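Since the model is a prediction, treat every value here as computed from it, not as a measurement. Order of listing sets the numbers, starting from 1, for every ligand and every atom in it.
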Amino acid sequence: MALTIGIGMELTASERSYMNSEDVAVFYPSGYEAARHEPSPIFMNELKSVGDVPAEWNLRPEFSTSDGKSVARIPVGKGVDFYGNGEVSGPLRRNGREVRFWNTDAPKYEADEGRRLYQSHPWVMGIRQDGTAFGVIADNTWKSSVSLDEDIVFESEGPAFRVIVIEKESPAEVLRALADLTGHIEMPPLWALGYQQCRWSYFPDTRVKEIADSLRINRIPSDVIWMDIDYMDNFKIFTFDKEKFPDPIGLNDYLHDRNFKAVYMIDPGIKVEEGYRVDDQGPAADYWVKDASGKPYVGEVWPGPCHFPDFTRPEVREWWGTLYKDYMATGIDGVWNDMNEPAIFNVETSTMPEDNRHLGGDGLAPGPHLRYHNVYGYNMVKASRDGILAANPDKRPFVLTRSNFLGGHRYAATWTGDNASDPALMKMSIPMTINLGLSGQPFNGPDIGGFFDDCTPELLAQWTSMGVYFPFVRNHSAAGTRSQEPWAFGPETLESCRTAINRRYRLLPYIYTLFREAYEDGMPVMRPLFFADVKDPSLRSEQEAFLLGGDLMVVPRWSETTARPSGEWNKIVLEDTPDDGFQANLYQRPGSIIPVAELSQNTTEYNTDRLTLLVNLDPEGKAARRIYEDAGDGFEFRDGEYADYTVTASTEGNEVTVKLSQTEGNLKKGPKSLRVGFVTPTGIKYTPWTKGDTVVFKKM
Ligand code: GLC
């Protein structure tokens with residue numbers, strides 16, 4: 001049934017709908033053309049019906065067309081707080097905001113007044129006052145937008161699209177359902193959770209070695225050095241500059257000998273140049289994106305005029321993957337895919353024309369850039385990941401991407417693009433990272449210290465002191481700005497950065513377990529404070545204090561907010577050195593146990609042989625936690641080579657018993673010595689080290 005409600009506007013109820021699983025409903029507009037949307041990049045499996053949508057189902061989209069645009073309006077009722085929406089600038093709570101889904105190179109997040117960034121996640125999570133929650137997906141890659149006033153309104157320049165609605169009892173359950181639909185992240189290699197040092201660019205190779213040596217000499221725990229574009233010969237991807245990087249194998253060996261991993265950048269633009277191996281391979285096989293007239297499209301990026309692989313085509317993705325074989329064989333450990341919106345220089349739109357052509361394949365229809373733009377980066381990292389895995393089948397691939405789409409967390413981690421050394425952008429990185437986590441992408445973080453402009457000693461100390469609790473921890477800065485390494489601002493800043501990064505490494509047993517949880521059920525690593533009590537309205541807008549996992553509250557030192565969850569969240573200080581005035585304040589949830597390792601300088605040295613268990617009892621004198629461990633790389637964990645421990649604390653009278661036991665997995669690694677740090681309102685009291693798996697101590 002259609003209802004004409006204004007000139008050029010027609011409103012229709014959903015033409016077809018079904019339940020895809022319990023609590024997940026799918027609604028189709030009339031005139032839906034599957035070939036213009038499917039196969040969807042979002043879902044692991046094509047959506048299927050398991051039954052009818054029950055009559056009492058609450059959230060139902062109304063489909064319409066307006067001024068040639070396809071619209072889906074989802075009336076949600078009053079009192080709903082909105083979150084998610086992917087990579088967004090601005091506040092945590094998204095009410096009253098509009099986001100445009102058109103992946104864009106957005107320096108300092110200024111494009112379109114902050115409404116357009118590098119990635120698109122047509123996804124919104126809503127939380128009602130009673131804590132029940134829902135999620136809405138617009139299954140649509142075409143250029144579009146969403147506005148979040150009273151209702152959720154998606155508007156697309158493409159054909160009518162279907163809408164998926166998840167209804168659950170809590171936001172955590174909504175995220176689990178999202179992960180069931182869109183897939184889970186892969187377990188990252190442990191080294192990718194360490195501290196990482198980057199700059200545009202460290203060159204020549206002697207400079208890279210100097211940075212590695214400085215990290216070790218200054219005792220900054222660290223795992224990764226990043227190679228930005230200047231390692232290449234004239235910015236030609238999959239090449240090395242003969243003068244600046246004459247011996248990549250030697251360089252990577254040097255880094256590996258010092259327990260560093262090496263991550264190198266690969267952009268999508270391929271320099272148009274006869275005789276350049278990668279560009280030469282394109283024409284015969286017809287690999288490039290075409291312009292409207294059918295000729296290979298040429299756009300300018302770093303190397304000058306470039307061709308762009310048409311990643312919608314399976315054979316192009318396959319070919320792209322093969323390029324990584326010899327490249328990774330030089331000892332490269334991870335890959336940084338940048339500029340993949342795709343960003344194009346010297347054009348007003350900063351990207352390709354909307355009528356460029358993509359050929360698709362494997363069931364995906366040919367279509368214009370208007371349809372495939374938002375998944376250009378997504379398809380690129382999918383191909384990269386497959387290629388890297390084929391090159392090194394026994395290692396967990398690590399890909400970092402700037403552009404992506406809802407569902408792309410399956411292939412790559414992300415960073416939030418080109419921010420600046422600006423306290424306001426440091427603060428904004430908290431809601432950005434949280435909202436990405438609330439959109440299915442748990443593994444992300446900002447450029448610590450800021451990309452553009454000169455950092456200051458205070459800002460680097462502040463940013464590092466909170467940035468170490470983000471899922472992804474990398475210091476990065478732009479060419480032409482002042483040096484931004486922890487030692488670049490003198491001994492005091494160095495000391496603050498070191499203290500913060502030491503804390504990161506000591507918390508790795510906890511953080512690695514959080515990544516395991518993200519892998520299992522889509523739980524974000526970094527969470528909004530309201531996850532501590534979703535029914536407490538005072539927490540819903542808190543975006544300075546945040547949670548790392550469920551048990552650790554991080555309050556940046558500069559924060560002036562006071563909204564806090566109830567209960568005795570006791571402060572924990574992990575070192576006995578004097579306070580520097582920069583370190584974030586950490587508070588532990590009542591009823592929790594946080595495992596803390598001895599300090600290591602990198603994840604190769606890291607181990608849990610001596611493990612401190614920080615115990616903050618609940619009012620009943622109890623606490624519990626899971627700890628997960630495996631080899632930190634490779635895939636043996638899938639065959640049972642892992643260890644899952646349960647730690648419990650219970651109290652009888654004045655006596656507390658803390659017990660660790662392996663509950664799952666064949667890996668026999670386990671802590672050899674344990675001690676308990678009893679967390680009290682006045683500080684942590686440590687027991688002596690013990691060899692057994694049980695620690696008993698008196699409360700006073
Ligand atoms: C882009 C990236 C930035 C990188 C630069 C040079 O601006 O976002 O991280 O350093 O390109 O490759």
Side-chain angles (χ1 to χ4, degrees), residues 87 89 103-111 116-119 196-204 207-208 211 224-241 244-245 262-271 299-304 306 308 332 334-347 350-351 376-377 380-381 384 398-404 412-422 425 428-429 432-433 436 444-455 463 467 470 472-485:
E87 187 188 52
S89 66
N103 295 350
T104 300
D105 186 357
K108 299 188 185 179
Y109 312 141
E110 282 169 355
R116 257 188 304 148
L117 296 184
Y118 306 86
Q119 312 202 356
Q196 325 208 9
Q197 188 61 52
C198 188
R199 177 156 175 92
W200 172 19
S201 306
Y202 292 129
F203 70 90
R207 176 73 181 142
V208 178
I211 294 293
V224 191
I225 314 268
W226 288 65
M227 262 47 77
D228 205 325
I229 42 174
D230 294 282
Y231 78 84
M232 301 176 208
D233 168 20
N234 282 309
F235 307 127
K236 285 183 277 187
I237 54 173
F238 298 105
T239 70
F240 298 92
D241 185 289
K244 288 182 275 187
F245 287 78
V263 177
Y264 286 67
M265 177 175 272
I266 291 288
D267 291 345
I270 295 167
K271 185 174 169 56
E300 274 199 42
V301 208
W302 304 116
C306 286
F308 293 83
I332 290 173
V335 171
W336 179 12
N337 283 163
D338 185 26
M339 308 295 279
N340 47 358
E341 293 73 27
I344 311 282
F345 295 161
N346 304 326
V347 290
S350 309
T351 193
Y376 191 83
M380 177 191 186
V381 295
S384 293
F398 176 72
V399 181
L400 186 80
T401 187
R402 193 168 76 172
S403 186
N404 212 338
T414 203
W415 95 106
T416 51
D418 295 345
N419 61 6
S421 298
D422 173 346
L425 291 178
M428 202 200 282
S429 70
M432 283 184 95
T433 289
L436 268 166
N444 83 88
D447 285 343
I448 291 177
F451 180 71
F452 291 116
D453 306 332
D454 286 343
C455 196
W463 207 324
F470 280 48
F472 177 64
V473 186
R474 186 185 71 158
N475 172 316
H476 181 42
S477 52
T481 61
R482 66 162 297 178
S483 294
Q484 199 171 285
E485 297 78 26

**Report entry** Under-4.0 Å heavy-atom contact with ligand 1, by part of Trp415 that carries it
**Finding:** side chain

Query raised in the report: Can you tell me which residue and heavy atom of the protein come closest to atom 12 (O) of ligand 1, and the distance to 0.1 Å?
Result: Asp228 OD1, 2.5 Å

Query raised in the report: Do Tyr202 and Trp226 have ring centres separated by under 6.0 Å?
Result: no

Report task. Report, in ascending order of atom number, the atoms of ligand 1 lying under 4.0 Å from any heavy atom of Arg402. Result -> 1 (C), 2 (C), 7 (O), 8 (O)

Requested in this report: State the atoms of ligand 1, each with its element, that fall below the 4.0 Å cut-off from a heavy-atom position in His476.
Outcome: 3 (C), 4 (C), 9 (O), 10 (O)

Query raised in the report: For ligand 1, which atoms have a heavy atom of Met265 less than 4.0 angstrom away?
Result: 12 (O)

Requested in this report: Quickly, which of Asn404, Asn103, Leu117, Asn444 forms a side chain to side chain contact (heavy atoms under 4.5 Å, CB included) with Glu87? Name it, please.
Outcome: Leu117

**Report entry** Trp302: numbered ligand 1 atoms lying under 4.0 Å from its heavy atoms
**Finding:** 6 (C), 11 (O)

Query raised in the report: For the residue pair Phe203 and Tyr231, is the inter-centroid distance of their aromatic rings smaller than 6.0 Å?
Result: no

Report task. Say whether Ser384 and Asn337, considering side chains only, have a donor N or O and an acceptor N or O under 3.5 Å apart. Result -> yes

Query - Numbered atoms of ligand 1 (with element) below 4.0 Å of Asp418, judged on heavy atoms - result: 1 (C), 2 (C), 3 (C), 7 (O), 8 (O), 9 (O)

Report summary line: If you scan protein heavy atoms around atom 11 (O) of ligand 1, the nearest is Asp338 OD2, 3.0 Å

Report task. With side-chain hydrogen bond (donor to acceptor under 3.5 Å, both in side chains) as the test, would you mind laying out the steps for Asp230 and Ser201 before giving the verdict? Result -> CA-CA 6 Å; Asp230 294 282; Ser201 306; 2.4 Å; yes

Query raised in the report: Which class fits the ring pair Trp302 and Phe235: parallel under 30°, tilted 30 to 60°, perpendicular over 60°?
Result: tilted

Query raised in the report: Using 4.0 Å as the upper bound for N to carboxylate O, is an ion pair formed by Asp447 and Arg474?
Result: yes

Report task. Measure the distances from the heavy atoms of Trp336 to every atom of ligand 1 and state whether one is below 4.0 angstrom. Result -> yes

